[in-house]
Amino acid sequence: MIVTTTNTVEGHTIGQYLRIVSGETVAGINMFKDIGAGFRNITGGRSSAYEGEILQARETALKEMVDRALEMGAHGIVGVDVDYESLGQGGMVMVSATGTAVTFQ
C-alpha cells in the first residue's frame, strides 16, 4: 500500500476518495526510562529509551491506519499527518496517524 504525506501519488490517478482513516496508540514510559531520561537531561545527549518508545508508537499508529484502509479496499492513503501528544503528567504519549484512504484507477 502506498502511504504518503502528499495529496497525490506520481504515476497514479486517484479514482475514488473513500474516507478519512486513522490509527492511534498510547505509549507509557516506565519509571526506569524516566530516570535514564532525567540523567540525559542533566548531562546532555539523546534519550534512546524515549526515542525507541516514540518510534514504536508511531509505527503502531501507522500500521493501524493502514489496516483500517485495507479493510475498506483502499489502494493507498494520501495526505498523511502524524501527531504526538503528551498525556497526563508526561508519563504517556499518544501518537495518531490520519490520512485519506483512496483507490487508484
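Note that the numbering runs from 1 along the sequence shown for the chain.
Between L55 and E51, every side-chain heavy-atom pair lies at or beyond the 4.5 Å cut-off. Taking the side chain as every heavy atom from C-beta outward, V80 and L62 approach each other to under 4.5 Å. For the pair I14/V9, no side-chain contact is recorded, criterion being any heavy-atom separation below 4.5 Å from C-beta on. Taking the side chain as every heavy atom from C-beta outward, D81 and T5 never approach each other to under 4.5 Å. Contact check for V21 versus I77: side-chain heavy atoms found under the 4.5 Å cut-off. The shortest distance between side-chain heavy atoms of D83 and S96 falls below 4.5 Å.
Formation of a donor-acceptor pair under 3.5 Å by the T103 side chain with backbone atoms of Q16 is found in this model.
Salt bridge present: E64 and R68 bring a charged side-chain N and a carboxylate O closer than 4.0 Å.
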(request) Go through the steps to decide whether V82 and V95 satisfy the test side chain to side chain contact (heavy atoms under 4.5 Å, CB included), and finish with yes or no. (result) CA-CA 7 Å; V82 179; V95 180; 3.9 Å; yes
(request) Show your working on side chain to side chain contact (heavy atoms under 4.5 Å, CB included) between L18 and V102 and close with a plain yes or no. (result) CA-CA 5 Å; L18 300 175; V102 298; 5.9 Å; no
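Looking only at atom types and distance, the side chain of T6 has no donor-acceptor partner in the side chain of T8 under 3.5 Å away.
The environment of E59 atom CD is dense: over 12 non-hydrogen atoms of other residues, nucleotides or ligands sit within 6.0 angstrom.
The aromatic rings of H12 and F104 sit tilted relative to each other, their planes meeting at an angle between 30° and 60°.
Each of H75, M1, M65 was evaluated against L70; a single residue qualifies, M1, per the side chain to side chain contact (heavy atoms under 4.5 Å, CB included) test.
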